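Worksheet: the structure to be examined is printed underneath.
For clarity, every value in this text was computed on a predicted model and none was experimentally measured. Start at 1 and go down the list; that is how both ligands and their atoms are numbered.
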Amino acid sequence: MTIPASSNVALAARDLKHLWHPCTQMHDHESVPMVPIVRGEGAWLIDADGRRYLDGISSWWTNLFGHANPRIAAALAAQATTLEHVIFAGFTHKPAIELAEELVRITPPGLDRVFYADNGSAAIEVALKMSFHYWLNQGHGEKTRFIALSGSYHGETLGALSVSDVALYRKTYAPLLLTPFLAPSPDAYLGEPGESPEQTAMRRLGEMRALLESHTHETCAVIVEPLVQCAGGMRMYHPSYLTGLRALCDEFAVHFIADEIAVGFGRTGTLFACGQANVTPDFMCLSKGLTGGFLPLSAVLTTTEIYEAFYAEYGAGKAFLHSHSYTGNPLACRVALETLAIFRDEPVLERNRQLAAHLARRLEPFRDHPNVADVRQAGMIAAIELIADKARRRPFPVAERRGLRVYLHGLQHGVLLRPLGDVVYFMPPYVVSEAEIDLLVDVAIAGIERAVAN
Ligand SMILES: Cc1ncc(COP(=O)(O)O)c(C=O)c1O
């Protein structure tokens, strides 16, 4: 029998001959299938053999309004035949200008400056460098350190990885990295018995205060993922932590960097997670959903006060230096504008509230499952944390890779789930229907039952 050249088997074989994939031990593909996707449609991905997969994780949390969304695709096509790219130093263009205006309009008040980069990690590099450089320009070159939260993830370039605390990504490269001060995460799952999420947040703010009291003189900024520490296992915390952190950063004169790369654009129920605490950070990093999942683009928003610390005669040497060839790419900016126009034209957040309520109703019964330690949700992000022994809070041994079993079960049943360790989570595109949410949950639960049974 001859295998068609565009079949799953043929494409996977060609891929594995030359490609090296991210976040992958390539050896796994001796037993885990490589899935060649040829088309996307709404919340679905379609492989070369015509099999369909419901994208339960928005393709690494990027997609908002469906794969190959016709409205965004048309905007991209029109831009591609008008202006594909232009150097962004000394030159500008309408998509970049209009996108900056729109971002300033929709983000918390006081964020009036926009600096573009290409992806989430690059946005973090920009924010870290800008914070350090601000203090240097203010005569505080002694401020060279950052404070991050335990369990945080901010990307995998060296600066972003430096302020991340997920051992899987960080441990190997630790000798190359900056060493931040780590403050304990306000993660509600790690709260003391009987403590409410808000009480956990308050206690953790006390620990942050102690850290700032000792290190404020050498600290540039505190960096956090507002409300949900995503790659660290969809760990969630109370918004009062952000309010308290804003006050502490003001009191101790350090910057507040909000990494909304994963949680921005409606994922947690509000347009930005910071909105739930009514705080304006000094830097807000955006990417992923910014282009609806179409193209890599990121933006760092900051205040006029910070911008002005760099604004001086050329000879003063105060200019911010961080240059990527594709900064402010017109295609990506145009696609981002169309994505934001959908938020304006359609009741996206209201619809998400209904979908999130449906998801919550469907997950509620599994709280009592003997191998479920926690069910948690923030808007359109929900997670089920698996556990070997609930009474003793003993996790499964990492080497057993229970989450991988859920992933494989999902693939067999037409659902893309990609657990983070033993945390099975849902972060679907906003175009998902209630029936599709039912499918996601049903397949996940069946997968969990299989995964936890020896
Ligand atoms: C909170 C957060 N920050 C930064 C990043 C890095 O973004 P990118 O993968 O585009 O470099 C991610 C990626 O998952 C993220 O979740």
Side-chain angles (χ1 to χ4, degrees), residues 21-24 55-64 115-131 146 148-166 168-170 173 177-178 180 185-187 221-237 241-242 245 256-268 272-274 281 283-301 322 324 326-327 329 332 335-336 339 378-381 383 416 418-421 423 425-427:
H21 288 258
C23 208
T24 301
D55 187 351
I57 59 162
S58 297
S59 283
W60 260 340
W61 323 338
T62 59
N63 194 285
L64 301 187
F115 192 97
Y116 292 122
D118 303 352
N119 57 63
S121 302
I124 300 297
E125 301 294 333
V126 167
L128 298 177
K129 283 174 68 180
M130 243 183 214
S131 174
F146 296 91
L149 296 182
S150 57
S152 58
Y153 178 92
H154 297 287
E156 292 175 52
T157 51
L158 295 180
L161 189 59
S162 291
V163 289
S164 299
D165 180 47
V166 177
L168 172 68
Y169 307 112
R170 192 180 202 284
Y173 306 101
L177 305 178
L178 306 171
S185 166
D187 177 359
V222 178
I223 180 167
V224 300
E225 293 160 271
L227 299 187
V228 188
Q229 294 186 292
C230 292
M234 299 298 161
R235 295 302 184 83
M236 301 181 184
Y237 60 88
Y241 186 81
L242 298 175
L245 183 61
F256 178 160
I257 303 175
D259 174 355
E260 293 238 10
I261 287 161
V263 295
F265 302 105
R267 289 284 181 202
T268 67
F272 298 104
C274 282
F283 298 95
M284 183 183 264
C285 302
L286 302 173
S287 189
K288 293 193 185 272
L290 173 60
T291 59
F294 264 64
L295 285 172
L297 176 69
S298 59
V300 178
L301 281 94
H322 188 96
H324 291 298
Y326 282 99
T327 300
N329 175 256
V335 155
T339 302
M380 290 292 280
I381 308 174
L416 168 51
R418 205 173 191 275
L420 296 154
V423 177
Y425 72 91
F426 308 92
M427 206 195 284

Exercise: do S59 and N63 side chains pair donor with acceptor under 3.5 Å = no
Sorted by chain and residue number, the side chain to side chain contact (heavy atoms under 4.5 Å, CB included) partners of A262 (sequence neighbours excluded) come out as W61, C230, K288
Is there a donor-acceptor pair under 3.5 Å between the side chain of R170 and the backbone N or O of S164?
-> yes
Does any N or O in the side chain of E260 come within less than 3.5 Å of the main-chain N or O of A273, such that one atom is a donor and the other an acceptor?
-> yes
Residue among M380, R418, M234 satisfying side chain to side chain contact (heavy atoms under 4.5 Å, CB included) with M427 = M234
Enumerate the protein residues lying less than 4.0 Å from ligand 1, judged by heavy-atom distances, in chain and residue-number order.
-> W61, N119, G120, S121, Y153, H154, G155, E225, D259, I261, A262, K288
Less than 6.0 Å separating the ring centroids of F272 and F265?
-> yes
